[in-house]
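One structure below.
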Amino acid sequence: MNLSNGLFWLLARIFIVCTFHISLGGTRESQLRIGKAINIFVRYGYLGISMRVIPYNDSYEVDKWLFKEPTKSIYKNLSVLSESREENAPGIFHGDFHMEFCDNRRQLYQAYFRDFTVERLDKPWEAFTGGWFADNAAKKLGINTSYIMGEYSYVLVRVVRFREVGKFRADIPINQTLENDVNERIGGIAAGNVTGAIKFMESCGTHYINSYTTGNSLYQVFVYTRKNYQLIRDRIKTKGLNSLSKKDLYDFFAPWHAVHLGQIRSASANATVERWARRKLQYEYYVVKYVTLLKLHGNGTLLKALDNLLGNDAILQLDLKSLNIIFRNQPEKQNWFNEVLDNQMKLWEVNMPMN
């Protein structure tokens with residue numbers, strides 16, 4: 001398949017479609033629901049603009065959206081195959097506390113978006129970070145810009161509170177009834193016809209929501225020189241996190257080992273939660289005082305208080321599957337859909353600003 005001659009036309013077409021959907025605002029349904037289809041090319045490389053997954057701006061208090069992307073029903077009666085549940089049992093912190101060691105900033109981006117998958121995309125985190133430059137990346141991650149550009153390593157510490165989980169109970173049957181308009185548009189796809197495949201993606205989507213988890217999280221990035229990072233990583237890798245005393249744990253993540261301690265950020269940019277963290281998560285060692293997320297580790301009282309503060313304000317996990325599932329009984333059309341989809345992704349990757 002050779003699309004090189006139509007590259008400018010194709011990119012212009014995608015831009016027009018993107019602008020069209022943005023200008024329509026709320027005229028299309030926008031819900032985070034299992035089985036709903038979306039077109040990732042509307043904002044590919046900027047998915048964080050339309051999905052609240054990491055602080056995007058400072059307008060949380062007045063703009064409490066969770067998922068803005070236009071969605072479309074593809075199958076009828078999917079509710080019998082899907083389930084959603086809320087994790088709200090009292091007295092239990094429904095979440096986890098974890099840390100990830102990142103050799104460089106690219107690994108840091110990958111670590112943050114580890115629970116986001118986009119089928120047929122090798123590096124799904126780039127669908128959220130493709131337009132990141134040093135200043136806005138640093139702001140989202142809560143660290144100074146100089147520590148994004150230098151030769152540094154990082155540890156991402158995160159406390160996640162799950163609220164709602166949605167997923168399929170079983171695979172979508174091959175004979176599941178499609179929506180009438182989707183059935184009609186399938187007829188417009190023919191092997192070798194690029195325009196037909198692109199029009200189908202514009203009207204019906206490229207991927208569908210296979211599973212999701214919502215809630216909120218607090219996270220903090222610790223920045224290290226390569227030497228100190230290697231020392232700490234090897235120690236924890238050899239003995240395990242639980243083998244460290246509280247003193248050792250605080251010591252490794254203190255200002256005299258880390259060159260920079262990032263701010264504690266909320267995934268939803270919830271200013272109330274961030275203010276709470278600055279007050280409650282201060283640690284004092286002689287004359288040195290700093291704020292550390294590690295103060296939550298093993299602290300049931302603080303975790304219970306945090307549980308009451310963290311709402312259902314952010315997307316924590318999202319699995320998008322290719323819409324080629326609807327062509328399972330038409331292998332020729334399925335292969336063509338895959339080929340056009342893959343080429344579209346490659347074009348975006350080539351033209352997306354490098355982070």
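Heavy atoms only: backbone and side chains are in, while hydrogens, waters and symmetry mates are out. None of the values given here were measured: they were computed from a predicted structure. By convention here, the first residue in the shown sequence is residue 1.
Hydrophobic clustering of Ile, Leu, Val, Met, Phe, Trp and Tyr side chains at less than 4.5 Å, counting indirect connections, keeps Ile174 apart from Val80. Residues Val160 and Leu318 do not share a hydrophobic cluster, clusters being chains of Ile/Leu/Val/Met/Phe/Trp/Tyr side chains in contact below 4.5 Å.
For Phe200 and Trp336, the ring centers are positioned 6.0 Å apart or more.
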After noting the C-alpha distance and the side-chain angles of Lys167 and Asp319, does the key distance pass the salt bridge (Lys or Arg N to Asp or Glu O under 4.0 Å) rule? CA-CA 9 Å; Lys167 62 181 180 179; Asp319 178 28; over 6 Å; no
Derivation of the side-chain contact (heavy atoms from CB on, under 4.5 Å) call for Leu141 and Arg265: CA-CA 7 Å; Leu141 295 168; Arg265 300 295 323 261; over 6 Å; no
Apply side-chain contact (heavy atoms from CB on, under 4.5 Å) to the pair Gln110 and Arg106, showing each step before the final yes or no. CA-CA 6 Å; Gln110 181 180 358; Arg106 192 167 291 273; 5.9 Å; no
Verdict with supporting geometry, Glu179 and Ser73, side chain to side chain donor-acceptor pair (under 3.5 Å): CA-CA 7 Å; Glu179 294 287 352; Ser73 294; 4.7 Å; no
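Judged by distance alone, with hydrogens and angles left aside, the side-chain atoms of Gln334 form a donor-acceptor pair with the main-chain N or O of Asn324 at under 3.5 Å. The closest donor-acceptor contact from the side chain of Lys321 to the backbone of Glu119 lies at 3.5 Å or more, if one exists at all. Judged purely by atom type and a 3.5 angstrom limit, Glu69 has no side-chain atom pairing as donor or acceptor with the backbone of Ser50. Judged by distance alone, the side chain of Asn136 and the main-chain N or O of Trp132 form no donor-acceptor pair under 3.5 Å.
Residues Asn270 and Glu274 form no side-chain contact, since every pair of their non-hydrogen atoms from C-beta on lies 4.5 Å or further apart. Glu164 has its side chain within reach of Asn312: a pair of non-hydrogen atoms, C-beta onward, lies under 4.5 Å apart. Between Glu87 and Arg161, the closest side-chain pair of non-hydrogen atoms falls below 4.5 Å. Looking only at side-chain heavy atoms (C-beta outward), Gln344 and Ile198 come within less than 4.5 Å of each other. Two residues are said to be in side-chain contact when any heavy atoms from C-beta on lie closer than 4.5 Å; Val155 and Phe252 fail this criterion. Counting heavy atoms from C-beta outward, Arg163 and Asn216 have side chains that stay 4.5 Å or more apart. Looking at Gln176 and Asp171, their side chains never come closer than 4.5 Å, going by heavy atoms from C-beta outward. Residues Thr272 and Ser266 have side chains not in contact (no heavy-atom distance under 4.5 Å, counting atoms from C-beta outward).
Between Tyr224 and Gln230, the side chains place no donor N or O within less than 3.5 Å of an acceptor N or O (distance only, hydrogens not considered).
When every heavy atom of Arg185 is checked against every heavy atom of Cys204, the shortest pair comes out as CD-SG, 3.6 Å. Leu302 and Trp276 make their closest contact through O-CH2, 3.8 Å (heavy atoms, listed as atom of the first residue, atom of the second, distance). For Ile34 against Leu78, the heavy-atom pair with the smallest separation is O-CD1, 4.4 Å. When all heavy atoms of Pro55 and Tyr219 are compared, the closest pair comes out as CD-OH, 3.1 Å. Here the closest non-hydrogen pair linking Arg328 and Ile172 is NH1-O, 2.8 Å. Contact between Leu303 and Phe93 at its shortest, heavy atoms only, is O-CD1, 3.5 Å.
For residues 149-193, the set of pairs meeting the ring-ring contact (aromatic ring centres under 6.0 Å, His included) definition, not counting sequence neighbours, comprises Tyr147-Tyr152.
Expressed to the nearest 0.5 Å, how far CD1 of Ile236 lies from CD1 of Ile232 amounts to 7.0 Å. Separating the OG1 atom in Thr71 from the CD1 atom in Ile38 is a distance of 8.5 Å, to the nearest 0.5 Å. Once rounded to the nearest 0.5 Å, the distance linking OH of Tyr250 with OH of Tyr290 reads 7.5 Å.
For the pair Arg158 and Tyr112, the cation-pi test (distance below 6.0 Å, angle within 45°) is passed.
Remark: Asp181 pairs with Lys72 by the salt bridge (Lys or Arg N to Asp or Glu O under 4.0 Å) rule, at least two apart or across chains.
Applying ring pair (Phe, Tyr, Trp, His ring centres under 6.0 Å) to Phe116 and the options Trp125, Phe128, Tyr212 leaves one that passes, Phe128.
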